[in-house]
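Here is the structure we will look at.
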Amino acid sequence: MRLSRYFLPVLKETPAEAQIVSHRLMLRAGMIKQASAGIYSWLPLGYKVLRRIEQIVHEEQIRAGHIPMLMPTLQSADLWRESGRYEDYGEEMLRIKDRHGRDMLYGPTNEELITDIFRAHVSSYKDLPLTLYHIQWKFRDEIRPRFGVMRGREFLMKDGYNFDIDKEAALHAYNRHLVSYLRTYERMGLQAIPMRADSGPIGGDDTHEFLVLAETGESEVFYDSQITDLRFGEREVDYDSVEECRAVLQEFTSRYARTDETHDETVFHEQVPEERRRSARGIEVGQIFYFGTKYSDAMGAVVVNDKGERVPVHMGSHGIGVSRLLGAIIEANHDDKGIIWPEGVTPFHAGIVNLKQGDAAADAACEGLYKALVAKGLEPLYDDRSERAGAKFATMDLIGLPWRITVGPRGLEKGVVELTSRWTGQSEELSPEAAVDRLAQIYDGH
Ligand code: P5A
């Protein structure tokens, strides 16, 4: 992409309405624009990152054996009356009447809709296990939408639903989701810690939230400091293996880590030596639930088991806050100049800054670099505007591309360009070919 032809409406001023750094930076970098309270338009740069996050979520869900589909945003109130949640959900649910006076709602979640699909089409244990998921917009009429995409009213969620023959099989699905989520967040450059939580309006006994530690997080959390040393890393997991998934769950959840809803000071003191006790704030980027037959009982989702008996199907649901993740990633990765994208989610792989637009040699070198990067499967953002170098650097720093190639007539006389890391600020002089090879190597595997 050439910046002169892109739509990147960066703001010079810090927007007064934004209280936290990720919200400020998303507005300043021209990623989002508020449409109304808690509802945002995704401008091209923000949309690009959103799509990259979605892509990672899809890849890891499919790797875990889960099946993608798409359900609508608008749902009929009748299904929610069946489960009993139409009244229970309260004011967070946006209720709508269609022209015939029928009660509709903008889905805050999809347990009812998926259970309705299941009961219409599945009746035998032979079709289990089954996990379906989608990535779709949700609406929750939050009383205090704030912090930009972190607590929106309209927000993008990946929500998945498992159907299993019994509790044991459903708990494997729970564990499998936990493992896939650990992989997912780490690919985005985030450490998200699973913590025992409260199930709220979704229901059920077993639930873990995934929290990214950040001062601006909305949840208060209590944990054993040892938990922050755990990394999922490069390990390969066979998602079919009950033992392997359970072992990962045990490794990541055996130490004390809870949100304030389930925190118990006495247990905390018993289990964790004083020097390892921590309390902090965290951003909830996902949550997994096992709720057994809550919805299948209420809605009659029954299958025949291998003994010929009709039994309610065991279910769980599992959510990732896709749009919230942008905020969380920025909260975890920024400095006073702007965003610093992890390589896994960056909107462009590298920026090309032409220090002297209009200089024949500099222009040609930039064009050459651009083509060479594209040929390697990378997406560069070429700042080809006739701006001062300082302004070009400031834009690149603000939008946070992890790598920048700076091209100027003086370097070109020596046959070099400069490759700069946004993380360390360190630059290296390389031939243009070597810079391209280096970037191809860095992004290999992303
Ligand atoms: C699990 C999937 C559920 O709704 N039903 C389907 C279950 N869980 S949840 O915890 O309520 O939501 C899942 C994730 O969605 C994100 N989220 C939000 N993101 C932005 N703005 C909001 N207002 C908002 N509410 C929830 C969170 O990341 C949450 O973990």
Side-chain angles (χ1 to χ4, degrees), residues 20 22-23 26 32 34 37-40 42 50 53-54 57 61 66 69 71 73 75 80 83 85 88-94 106-115 131-163 173-174 177-178 180-181 184-185 188 190 192-204 206-212 214 216-219 221 259 261 282-291 294-295 315-329 331:
I20 60 169
S22 58
H23 189 194
M26 286 183 81
I32 52 169
Q34 183 174 311
I39 303 177
Y40 291 87
W42 293 81
L50 189 68
I53 291 175
E54 258 191 294
V57 172
Q61 286 304 301
H66 306 159
M69 62 178 295
M71 290 176 270
T73 53
Q75 304 180 22
W80 288 68
S83 72
R85 283 207 294 180
D88 289 357
Y89 217 94
E91 304 221 79
E92 266 193 23
M93 181 186 278
L94 182 66
Y106 193 133
T109 176
N110 285 51
E111 279 81 5
E112 284 78 359
L113 204 52
I114 197 86
T115 306
T131 296
L132 299 166
Y133 79 92
H134 72 163
I135 298 180
Q136 178 61 294
W137 295 94
K138 304 288 183 290
F139 196 93
R140 294 184 185 173
D141 205 352
E142 303 275 351
I143 193 161
R144 276 212 306 157
R146 56 180 184 156
F147 299 164
V149 300
M150 290 274 230
R151 178 164 295 278
R153 293 200 296 165
E154 189 186 50
F155 60 95
L156 194 59
M157 190 202 287
K158 170 262 161 184
D159 41 325
Y161 305 85
N162 67 284
F163 300 91
Y174 185 90
H177 275 90
L178 183 130
S180 73
Y181 280 23
T184 303
Y185 297 123
M188 297 173 189
L190 284 179
I193 305 171
M195 300 200 183
R196 187 153 284 287
D198 184 62
S199 67
I202 308 293
D206 275 308
T207 183
H208 280 90
E209 282 179 5
F210 289 77
L211 288 120
V212 173
T216 48
E218 291 196 281
S219 314
V221 296
T259 61
E261 302 144 345
I283 302 166
E284 180 204 324
V285 291
Q287 187 163 6
I288 53 177
F289 300 83
Y290 165 70
F291 43 69
K294 173 178 167 168
Y295 297 90
M315 292 174 62
S317 71
H318 315 275
I320 292 182
V322 173
S323 49
R324 174 178 287 181
L325 272 167
L326 272 94
I329 292 170
E331 289 294 326

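Count residues from 1 along the sequence. Both counts, for ligands and for their atoms, begin at 1 and track the order of listing.
- Considering only residues two or more places apart in sequence or on other chains, Tyr89 meets the side chain to side chain donor-acceptor pair (under 3.5 Å) condition with none of them.
- Each of Thr109, Glu111, Arg140, Glu142, Val149, Met150, Arg151, Gly152, Phe155, Met157, Asp159, Tyr161, Ile202, Glu284, Val285, Gly286, Gln287, Phe289, Ser317, His318, Gly319, Gly321, Arg324 has a non-hydrogen atom positioned under 4.0 Å from some atom of ligand 1.
- Phe139 and Tyr106 have tilted rings, their planes meeting at an angle from 30° to 60° on a 0 to 90° scale.
- A side chain to side chain donor-acceptor pair (under 3.5 Å) with Asn162 holds for exactly one of His66, His318, His177; it is His318.
- You'll find the side chain of Trp42 stays beyond 4.5 Å of the side chain of Leu156, heavy atoms only.
- Between the side chains of Glu284 and Ser219, no donor-acceptor pair is found at a separation under 3.5 Å.
- Side chain of Arg85 to backbone of Pro201: a donor-acceptor contact under 3.5 angstrom is found.
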